[in-house]
J.: 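Have a look at the structure that comes next, please.
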Amino acid sequence: MSNPISLLYFRTAAVLLIVGMLFGIYMSASGNHAAAGAHAHLNLIGFVVMAVYGIFFGLNPARSTGRLPKILWALNTIAAVVMFPSLVLLLNGNPSFEPLVAAASFLALGGAILFAVVLFLPKATA
């Protein structure tokens with residue numbers, strides 16, 4: 001793959017997919033499915049959304065330059081990495097982690113909004 005930004009998104013998506021799958025196996029083996037929502041969020045935000053962004057930037061190399069794609073990657077990565085463990089803890093009875101889940105949710109939303117900005121800009125910006 002010749003597009004380094006697209007490759008970055010796909011590499012991150014692959015790592016987060018593996019973590020999500022390992023957690024799913026752990027839940028199955030332990031019989032504790034209380035954090036199934038965290039597993040779903042990690043697979044959706046960490047793998048599906050990241051891969052969709054990677055596909056977009058792979059198909060639109062002119063839009064993969066500048067700071068915006070890197071900021072989008074950071075927002076989505078931080079959102080997934082913070083949301084997953086804090087949501088696991090929240091769903092397992094630790095309500096003190098709700099503010100972290102909320103913050104990560106807003107980071108993911110910020111990423112989605114930034115993606116829309118990238119889509120609607122007339123051209124990529126630095």
J.: Could you report the tightest heavy-atom contact between A13 and A51, atom names first, then the distance?
T.: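 The answer is CB-N, 4.1 Å.
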
J.: Would you call L107 and V82 a side-chain contact if the rule is heavy atoms closer than 4.5 Å?
T.: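 L107 vs V82: side chains apart.
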
J.: Run the side-chain contact (heavy atoms from CB on, under 4.5 Å) test against V19 and tell me which residues pass, sequence neighbours left out.
T.: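 Only L42, F84 meet the side-chain contact (heavy atoms from CB on, under 4.5 Å) criterion with V19.
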
J.: Quick check: does any side chain N or O of N60 sit under 3.5 Å from a backbone N or O of A62, one acting as donor and the other as acceptor?
T.: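 Checked: no pair found.
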
J.: So, does R63 use its side chain to make a donor-acceptor pair with the main chain of F57 at under 3.5 Å?
T.: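 Here the side-chain-to-backbone pair does not exist.
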
J.: If you round to the nearest 0.5 Å, how far is CD1 of I5 from OG1 of T65?
T.: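 The OG1 atom of T65 sits 9.0 Å away from the CD1 atom of I5.
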
J.: For the CG atom of N94 and the CG atom of L87, what is their distance to the nearest 0.5 Å?
T.: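 Output value for this atom pair is 11.5 Å.
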
J.: Do L17 and N43 have side chains that get closer than 4.5 Å, going by heavy atoms?
T.: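 Side chain of L17 against side chain of N43, heavy atoms only: contact under 4.5 Å found.
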
J.: Is S28 reaching over with its side chain to a backbone N or O of I25, donor-acceptor style, under 3.5 angstrom?
T.: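 Side chain of S28 to backbone of I25: no pair is present.
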
J.: Would you say that Y53 contacts W73 through its side chain, given a criterion of any heavy-atom pair below 4.5 Å between the two side chains?
T.: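 In short, these two side chains do not touch, never coming nearer than 4.5 Å.
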
J.: Between S30 and M27, is there a donor-acceptor pair closer than 3.5 Å when you use the side chain of the first and the backbone of the second?
T.: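 Looks like yes, one N/O pair under 3.5 Å.
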
J.: If I compare all heavy atoms of P69 with all of G66, which pair ends up nearest, and what's the gap?
T.: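 Minimum heavy-atom contact is CD-O, 3.7 Å.
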
J.: Could you give the distance from OG1 (T12) to CG (L7), rounded to the nearest 0.5 Å?
T.: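 Rounded to the nearest 0.5 Å, the OG1-CG separation comes out at 9.0 Å.
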
J.: Other hydrophobic cluster members with I113, side-chain heavy atoms of Ile/Leu/Val/Met/Phe/Trp/Tyr under 4.5 Å, chained?
T.: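 Grouped by the 4.5 Å side-chain rule, F106, L109 form the rest of the cluster around I113.
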
J.: Do you know the tightest heavy-atom contact between M50 and N76?
T.: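 That closest heavy-atom pairing would be CE-ND2, 3.4 Å.
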
J.: Aromatic rings F115 and F56: how do their planes relate, parallel, tilted or perpendicular, breaks at 30° and 60°?
T.: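 Perpendicular: the ring planes of F115 and F56 meet at over 60°.
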
J.: Taking atom NE2 of H41 as the centre, report whether more than 12 heavy atoms of other residues, nucleotides or ligands fall under 6.0 Å from it.
T.: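 No, because the 6.0 Å sphere around NE2 of H41 holds 12 heavy atoms or fewer from other groups.
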
